[in-house]
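Atom set for the values below is all heavy atoms of this structure, side chains included, hydrogens, waters and symmetry mates excluded. In what follows, chains carry the letters A, B, and so on, assigned in the order in which the sequence lines appear, proteins first and then strands, with residues in each chain numbered from 1.
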2 protein chains.
Amino acid sequence: MSVTIKDVAKKAGVSPSTVSRVLSNHPRISAATSRKVREIMEEMGYHPNMMAKSLVSKTTKSICVILPKPAEELFLNLFFMELIRGIVAQAARSGYDVLISSGANEAEEVEAVARLVNGRRVDGAVLLYSRKDDPVVEFLQEREFPFVLVGRSERHPDILSVDTDNVQAAYDAARHLISLGHERIGFVGGPPNMVVSIDRMNGYRKALEEANLPLRQDWIVEGEFLQDSGYQAMSLLMNLPERPSGMLVVDDFVTFGVIRGLNELGYRIPQDLSIVSFNNLAVAELSSPPISSVDIGSYQLGYTASQTLIHTVETPRGERMPVRHIIAHRLIVRESSLFSPINNI
Amino acid sequence: MSVTIKDVAKKAGVSPSTVSRVLSNHPRISAATSRKVREIMEEMGYHPNMMAKSLVSKTTKSICVILPKPAEELFLNLFFMELIRGIVAQAARSGYDVLISSGANEAEEVEAVARLVNGRRVDGAVLLYSRKDDPVVEFLQEREFPFVLVGRSERHPDILSVDTDNVQAAYDAARHLISLGHERIGFVGGPPNMVVSIDRMNGYRKALEEANLPLRQDWIVEGEFLQDSGYQAMSLLMNLPERPSGMLVVDDFVTFGVIRGLNELGYRIPQDLSIVSFNNLAVAELSSPPISSVDIGSYQLGYTASQTLIHTVETPRGERMPVRHIIAHRLIVRESSLFSPINNI
DNA sequence: TTGAAAGCGCTAACAT
DNA sequence: ATGTTAGCGCTTTCAA
């Protein structure tokens, strides 16, 4: 079949171990033999069998990323894709392959990652976000299996992770609206069991409190928000006797639902409602009007996650450190918030 | 370290091969020993080492998917994500893992897939689309390595592939506009080196010719189309003395660019221009107005691709057949095309 | 600097 | 129905 290290050895007139040494750039190998062996490898079209290598080295040179179940967070798909691109790009640079896995529900997710971990098919894992109590985190934590969390775990604050400072990001977004003169600011959140929703909500609260602005519960909408519910929520919100003039929305996709609802109700953006969103996905720029959004560097998040994970994997167990990386965010101002209510009064 | 087949054998008082047989449900094994061995495996927390298994079985139980470089087709990201979900879900069902790989350019893409193929890390590959001359296709074809193409190869029509009938899809979309009374229909395509762009353009042409409608070159726009260029193209198009009343747009994301351009120019959709798009991504429904789009079953495409690939991989070389699967599409009519120019005259 | 030999964890003839 | 043996392709002591 396929050409092996033995074949190369035979043809080169050396022992298999010598060929192996050439392969791994062993220091004590003569330049002459090295050159010759390489020549023959080239000539015979030799490529090392990674499985055999893995078996003996007890390392797979690959990591996996666990894709959360789609159902309730489908709007994150684009975010995930950019994240994955970052992960894959960095991993390739470090000579690692990326396995991608998912499950239809939490139990299946654990099952999938268990298969990979138990079967020793990967050296580490990337978790793409965190619910408040994530069984995958528990599983990995218990096994002491190397993993990095893109996001934050409330239960395990001292875990290797890469994250946005979502509190600060939301704070900044709110400040932007406040500085434009908005005094009535609402918030549209995501699923309340996701840490990111909670953090962004807290940043929003903090900014409003600090500015002595009213924090009204009926200006806060939580949960799934794509189609009908978005329309209804908007309808409710805008029909209040006192309605907000500005709004923070947890994700660009959700913003689409919001904008659609507002359009159907005949409201204009940003004149009737100014919007600032999060994630700055490609769609934010293409929306009408283009959406102001906090860029959280999705690609960078993935890239850094892969980097820290691989670094950890390659560090001896005892010396590993559960660092927490924060990736800088920045607000991209576009038309959806380019309006000052002050001049309008 | 980790518990092996030998440890289990010893504790169970049987030979390693017996344990192996239990593992693979060998028929000639007594129910008693099977039960006992399984018990001990459970008790000791045994999990087979997939690398060792791979080494001897010469099969990895994994496939890879090659993610095209992002630059010029970034608008396909959402489509890819749904595709990947389909692939991953099906592969998991068949007991396969999915490796994901990419490159910054065509050369790197080939390099990445070569690494996986040469290193015998995967049993098959999924290619997520096809340029007119795809070096990855050439590479795989030459090696006789099992792969499935999501899309169509002009050079190699007899390749294992899963695809939409894009000609028919575009034909149907055009017919929809024609049946509403549109007689001046334009087309906004994607990168002209992608087979999908070509096919959809041809379906568009066919429908117009068949209906004896004018096929005007200045109603056809090709190429990158996201931000500024979209605005400019729209501006040009709508300023023609005779401008189209309906338009086919090659992808929902591109449609966003188009809609934004039209909005800025003060045109209304669908009254001034009716639009039908392709892919029916989650965003189509969230747009204002919601976009009529041809659903091509992205998830299903991925699912089927994975299925046929794995089927092929598990079929002896000689009996493999380069079948071509066509996944059904269907037009989802939404507001962006809900307008008949006839009543308006 | 190189070779010989043992073994990573598993499977698959070939025996019994 | 089960055990014995010989590898899969590679790395890594230990010797030379």
Regarding [X] and [Y], do their side chains bring together a donor and an acceptor under 3.5 Å, going by distance alone?
{"X": "B:T33", "Y": "B:S30", "answer": "yes"}
{"X": "B:E314", "Y": "B:Y96", "answer": "yes"}
{"X": "A:S161", "Y": "A:R152", "answer": "no"}
{"X": "A:R121", "Y": "A:S54", "answer": "no"}
{"X": "B:S15", "Y": "B:T18", "answer": "yes"}
{"X": "B:S62", "Y": "B:T60", "answer": "yes"}
{"X": "B:Q307", "Y": "B:H325", "answer": "no"}

_Between D:dT4 (C1') and B:K6 (NZ): distance, integer Å_ = 13 Å
Please determine if a side-chain N or O atom of [X] lies less than 4.0 Å away from the OP1 or OP2 oxygen of [N].
{"X": "A:K58", "N": "D:dT11", "result": "no"}
{"X": "B:S15", "N": "D:dG3", "result": "yes"}
{"X": "B:S20", "N": "C:dT11", "result": "yes"}

*Residues within residues 111-119 of chain B bordering DNA chain C, heavy-atom distance below 4.0 Å*: none
*Go through residues 26-39 of chain A and report each residue with a non-hydrogen atom lying under 4.0 Å from DNA chain C, sorted by number.*
A:R28, A:I29, A:S30, A:T33
*In terms of side-chain heavy atoms of A:T4, which of C:dG3, D:dG3, D:dC10 is nearest?*
D:dC10
*Mind grabbing the angle between the end helix axes of the helix from C:dT1-D:dA16 to C:dT16-D:dA1? Five pairs an end, 10° rounding.*
40°
_Set of residues satisfying salt bridge (charged side-chain N to carboxylate O under 4.0 Å, His left out) with respect to B:E111, sequence neighbours excluded_ = none
*Go through residues 43-57 of chain B and report each residue with a non-hydrogen atom lying under 4.0 Å from DNA chain D, sorted by number.*
B:L55, B:V56
*With sequence neighbours left out, write down each residue that passes side chain to side chain donor-acceptor pair (under 3.5 Å) with A:N49, or none if nothing qualifies.*
none
